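The block underneath contains the structure these notes are about, expressed in structure tokens.
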Amino acid sequence: MSKESPALKGLNPKQQEAVQTIDGPVLILAGAGSGKTRALTHRVAYLLEKGVAPENILAITFTNKAAGEIKERVQKLIKSQRTPLMGTFHSLCVRILRMNADKVGYGKNFVIYDSDDQKSLVKQIMIEKGFDPKKTAPNAILGRISWAKNKMIGWKKFKDQYGEEDFYNKTVTAVYEDYQQSLQKFNAMDFDDLIMLTVQLLKKDKNTAEKYQKLFKYILVDEYQDTNMSQYELVKILSEKYKNLFVIGDDYQSIYGWRNADIRNILNFEKDYPNAKIIEMTQNYRSTKKIIEAAQHIIQKNEDQRHKKLWTENDDGQTIKIVEVANEREEGKYVIEAIKKSQGRGIKLKDTAVLYRTHAQSRAIEESFLKANIPYKIIGGVKFYERREVKDILAYLRFISNPEDIISFGRVYNIPPRKIGKVSYNKILAEYQKKIPVMQVLEDSDYPAFHLLHALLKGFMTKSEEYSVTKLAKHILDRIAYKEYLDPTGKSLDGQARWENIQELFTVTKKYDKEKPREGLAKFLEEVALIQETDKLDKGSDVVTLMTVHSAKGLEFPQIFMIGMEEHLFPHARSIMEPKELAEERRLCYVGITRAMRDLHMTFCRQRTIFGSSENTLPSRFLLELPGHLVDFQQDTSVDEDDIVYYS
DNA sequence: TGGGGGACCTTTTTT
DNA sequence: AGGTCCCCCA
């Protein structure tokens, strides 16, 4: 080990190899807790140390938070004025597209639609085209469109390939075309477009492609097992010139197949990049031997994986607690009691996370925490940026930023109520189809309510040229009397909470107040569109974290509770029929178990309330697979007094 | 026009 | 059980 190199300090031999192999394609198979982030960070530092210019390094991570952390840690290792470009696939693509929007037929101030916006647009199109959104779920259509985009199949190609198939595909074909053209007309992109359009751009325009290929001499991709085909293509094109491509991941932790991630990207890496170097990192630094062994038991049943064995020098540790309870309330009680006991052993609340398979489980467990007065935070669920009040104000800002955005207008026109109903809105929509801008329609109308709205919005647009984002947002709230709209009496708890959410939004807008007004607004809207829930997770406050297993990926906690370990819930009912999906549930379970450093509790209920009615349940097959010497089974026979339990 | 009330449908995971 | 959608009345 070179003493001079801080980038190589404190690494095991495998990690050192990963850091030092800088030329050509490299695949790191990094088991859970094997120091993946560490290897990535040190590799960036090592490149800088070797004199590679920061702008020639591109690091793609799964979340913006991960990017931020790596940035921070790199700076601790090596002092550099400029930092390499680090971010998610989506943020990288936005960056490229902002500079080249005209080349793909968009204006450079395009907006990004979230799933809500997508859904309203699809619904609108379905109705126009005479499809019944109740018969064919808009989400199903969107799922198919997303699938196509992830496979780089645009609407024309989709029409050629699937346009004549079954009714479902015919519907998708019809909607897809309109959907895509509407997006372009609105100057809006959905998440999948960001990647697809970037790849299309680079394929079409060799000069642009070459520019980025020359720029990104060293490319690093984290969580490679969760990349989809369009992302795979993007990476392939960008790395074509220098082929200094470093990917890191773990096929055991591939849990985004439903989002069209393709596990074959990691399984076939050396086929795609023939002289690739492959390094396995299998020493785990996170968990006890028992936890590792349990995880290994779960995962080894999967075929079609790169079989590797995780090992650790850590202690044996405690046995895993498996707990049977009567129902969700008892489950909550068990979790609370166990947490209280663990506090006695010096485990802090922030050292603990409760993981569940579905968001629907969060409500019951949340109630237990409320009742016990133990502070907690929930990651995900109804996300901050999807809350009604936040979306309302964002819709105003988005429409001001981009008056073509009729979906945002659809949110704005009658909030708060100003006597413009669906009928009037449809008139505007009809005019809009004839390519008359919304603002024009409002102005030309002889309906007074339209004039008022026009004046209001026009005023906002003028102010947006001179006001900072915060000032503009406050101005809007003030002018539309939003606070009064939320809570006319000032007494409802709900209204207060909503108003507080809006106040919280200002902590984000403030970051952009120093920018030029319009630019600050655009940047703010962009951050909001791409932010992730786990990005907000800060280690500061001493509270228990509640989240789905998916959200827990990449995190670790001394104490983990996996609740609802029941058949049909985990593995989920929707996955049981399909071996591929079942394999993914298994990997998800593996991810959950390997989040735990020392203590792991897994609970299951005999009965669970599903859609309001109580159903009998069976323990998860995953629990039954754990060998006896690793687990400590505990049956909680106490029941609520009015619960009668039948259990066979 | 919009709010209230009832029917009905929902729950997988999210950038 | 809870949210959403739709219809009808004021």
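These numbers come from a predicted model, not from an experiment. Labels below follow one simple rule: chain letters A, B, ... track the order of the sequence lines, proteins then strands, and each chain is numbered from 1.
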>> Here's one to test your reading of the geometry: is the NZ or CZ of R479(A) within 45 degrees of the ring axis of Y396(A) and under 6.0 Å from its centre?
In response: no
> Should R144(A) and F158(A) count as side-chain neighbours, where that means a heavy-atom distance under 4.5 Å?
Replying inline: yes
>> With a cut-off of less than 4.0 Å, is there a side-chain N or O of T63(A) near OP1 or OP2 of dT15(B)?
In response: no
>> Base, sugar-phosphate or nothing for I420(A)? Non-hydrogen atoms, less than 4.0 Å.
In response: sugar-phosphate
> Does K553(A) make a cation-pi contact with F62(A) (under 6.0 Å, within 45 degrees of the axis)?
Replying inline: yes
>> What I want to check is whether an N or O donor and acceptor connect the side chain of R574(A) with the base of dT12(B) at under 3.5 Å.
In response: no
> Hey, which of these two, E581(A) or R418(A), hits DNA chain B nearer its 5' end, going by closest nucleotide?
Replying inline: R418(A)
> H550(A) side chain N/O closer than 4.0 Å to the phosphate oxygens (OP1, OP2) of dT15(B)?
Replying inline: no
>> With a 4.0 Å cutoff (strictly under), does any side-chain N or O of R259(A) reach OP1 or OP2 of dT15(B)?
In response: no
> Given atom CZ of R608(A) and atom C1' of dA1(C), what is their separation to the nearest angstrom?
Replying inline: 14 Å
>> Measuring from the side chain of R363(A) (C-beta onward, heavy atoms only), which nucleotide among dG3(C), dT11(B), dT13(B) has the closest atom?
In response: dG3(C)
> Between N139(A) (CG) and dT12(B) (P), how many Å, whole number?
Replying inline: 10 Å
>> Closest approach to the side chain of T88(A), judged atom by atom: which nucleotide of dT11(B), dT15(B), dT14(B) is it?
In response: dT15(B)
> Over how many whole Å does the gap from E366(A) atom CD to dA1(C) atom C1' extend?
Replying inline: 15 Å
> Under the criteria of a ring-centre distance below 5.5 Å and an interplanar angle below 30°, is F611(A) stacked with the base of dT11(B)?
Replying inline: no
> When you measure from the side chain of T358(A), which nucleotide among dT13(B), dT1(B), dT15(B) comes out closest?
Replying inline: dT13(B)
>> Please give me the minimum heavy-atom distance between P571(A) and R621(A), naming the atom from each residue.
In response: CG-NE, 3.6 Å
>> So if I take every side-chain heavy atom of N414(A) and compare against dT10(B), dT13(B), dG2(B), which nucleotide ends up nearest?
In response: dG2(B)
> Atom CD of E223(A) to atom P of dT15(B): distance rounded to whole Å?
Replying inline: 13 Å
> What orientation do Y106(A) and F110(A) show, parallel under 30°, tilted 30 to 60°, or perpendicular over 60°?
Replying inline: perpendicular
> A360(A) side chain: which of dT11(B), dT1(B), dT14(B) is closest?
Replying inline: dT11(B)
> With a 4.0 Å cut-off on heavy atoms, is Q231(A) in touch with a base, just the backbone sugar-phosphate, or nothing at all?
Replying inline: nothing
> How many Å lie between CD on E527(A) and P on dT15(B), as a whole number?
Replying inline: 14 Å
> Given atom CG of N260(A) and atom C1' of dT13(B), what is their separation to the nearest angstrom?
Replying inline: 13 Å
> Do L456(A) and L452(A) have side-chain heavy atoms sitting under 4.5 Å apart?
Replying inline: no
> Which whole number of Å gives the distance between the P atom of dT13(B) and that of dT4(C)?
Replying inline: 15 Å
>> Tell me the interatomic distance from H90(A), atom NE2, to dT15(B), atom C1', rounded to whole angstroms.
In response: 4 Å
> Base, sugar-phosphate, or nothing: which does K123(A) touch, judged by heavy atoms less than 4.0 Å apart?
Replying inline: sugar-phosphate
> In whole angstroms, how far is the P atom of dT14(B) from the CD1 atom of I112(A)?
Replying inline: 20 Å
> Below 3.5 Å, does any donor atom in the side chain of W258(A) face an acceptor in the base of dT12(B), or the other way round?
Replying inline: no
>> Heavy atoms from C-beta onward define the side chain here; which of dC6(C), dT11(B), dT14(B) lies closest to that of K134(A)?
In response: dC6(C)
> At under 4.0 Å, does any side-chain N or O of S115(A) touch on OP1 or OP2 of dT14(B)?
Replying inline: no
